[in-house]
There are 2 protein chains.
Amino acid sequence: MKDGSLTAPEELGVLIKATQAILHQRMDDVLRPLELSVPQYACLQALHDSPGITSSELARRAFVSRQAMNVLLLGLEARGLVERSDDPGPRRERAAALTATATALVRHARAEVAAVAARMTSDLAAADLIQLRALLTTCRDRLLTL
Amino acid sequence: MKDGSLTAPEELGVLIKATQAILHQRMDDVLRPLELSVPQYACLQALHDSPGITSSELARRAFVSRQAMNVLLLGLEARGLVERSDDPGPRRERAAALTATATALVRHARAEVAAVAARMTSDLAAADLIQLRALLTTCRDRLLTL
DNA sequence: GTCGGTCTGTCAAGCTTTTGACATGAAAGA
DNA sequence: TCTTTCATGTCAAAAGCTTGACAGACCGAC
């Protein structure tokens, strides 16, 4: 018989969730010594790549609500890692930016996370990595276009 | 130049998270009419495939803590979807099982979720699906073996 | 047999996130 | 121009989940 049913699509969903969960766990392991949670790291990382980004856009990239991102930013602001202009922006926006100490911290955290990701893919050939990226992108885009 | 850096491993982590997030969203969309959350569905599904499973094992499969799974089970129990034996088990375990109405509900929910998963992979050939499954499994197992 | 380790279930407290709602500011369209 | 629409930021309440801790029950090693 053909094995089309051996790779049930719904099984793939569980596999994606399992991979994401264990990756999240490993990231948390290496970020904890830096006093950072995974969402906090994602926030600082996005802020590093796109300085002056808005809080709402930040929330979208970190896959959380605006409100959650706001309390997250308040915490980072209290620790002197993020600065937000108090005066209004063009569309009531308050641009956020990293401080110098945050930039150094992000550099360190980034290296740790990259090591985890590298370990995750250490059994894959370069071509496999490229294909995995392409396949996942296809799945994601297919779900995005309702 | 070689393109080894074009597929940075850490970029893959974000892609996995993005795919899982949007899949979670779509699952929530189809489960909401059934009055089920994604964790609740995962719980019922696992209980359907493995009747008499323990609460802790259930928590592991749903990627939540024992305590969270317990409150989740209390809710399902109150709705008459799950039954747990009150008398002790071999290792203080209380085996949980689905009721008849829950079995019918799971069958319905399963079909809806399967449709979402099928749509997610509708742009992939059968061979691609098999390979995606293999690649993701490799990544997950690599992270599991610390 | 006994002791240490492990797993289960449960209680309590705390934190994080979501949901719902509102006012403000700006762009798009009639 | 006026209005409709939309996005941001923020407040308040609620839900969900995690962490830490404890007792009961089994298992294996000694």
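This structure is a prediction, so every number in the text was calculated from the model and none was measured. Chain letters run A, B, ... following the sequence lines, proteins first and then strands; every chain starts at 1.
Nucleotide D:dA7 holds its P atom 18 Å from the CG atom of A:L58, rounded to whole Å. Per the geometry, CD belonging to B:E57 stands 15 Å off C1' belonging to C:dT6, to the nearest Å. Atom C1' of nucleotide D:dG9 and atom CD1 of A:I53 are separated by 16 Å, given to the nearest angstrom.
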For A:R142 and B:S122, run side-chain hydrogen bond (donor to acceptor under 3.5 Å, both in side chains): C-alpha distance rounded to whole Å, both residues' side-chain angles, the deciding distance at 0.1 Å, then the answer. CA-CA 8 Å; A:R142 194 66 189 80; B:S122 59; 2.9 Å; yes
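Under the 4.5 Å side-chain criterion, counting only non-hydrogen atoms from C-beta, A:E112 is not in contact with A:L31. Residues A:L105 and A:L36 are in side-chain contact: their nearest non-hydrogen atoms beyond the backbone lie under 4.5 Å apart.
A donor atom on one side chain and an acceptor atom on the other are found under 3.5 Å apart for A:S50 and A:R61. Side-chain contact, A:T99 with A:T101: a donor N or O sits under 3.5 Å from an acceptor N or O.
No continuous path of ILVMFWY side-chain contacts below 4.5 Å connects B:F63 to B:L144, so the two sit in separate hydrophobic clusters. Hydrophobic clustering, with ILVMFWY side chains joined whenever heavy atoms are under 4.5 angstrom apart, keeps B:V14 apart from A:Y41.
Using a 4.0 Å cut-off, no side-chain N or O of A:R94 falls inside it from OP1 or OP2 of C:dT24.
Under the 3.5 Å distance criterion, the side-chain polar atoms of B:S37 are matched with a main-chain donor or acceptor of B:Q40.
Across residues 29-45 of chain A, not one residue has a non-hydrogen atom less than 4.0 Å from an atom of DNA chain D. Using a 4.0 Å cutoff on non-hydrogen atoms, the parts of residues 63-83 of chain B near DNA chain C are B:R66, B:Q67, B:N70, ordered by number.
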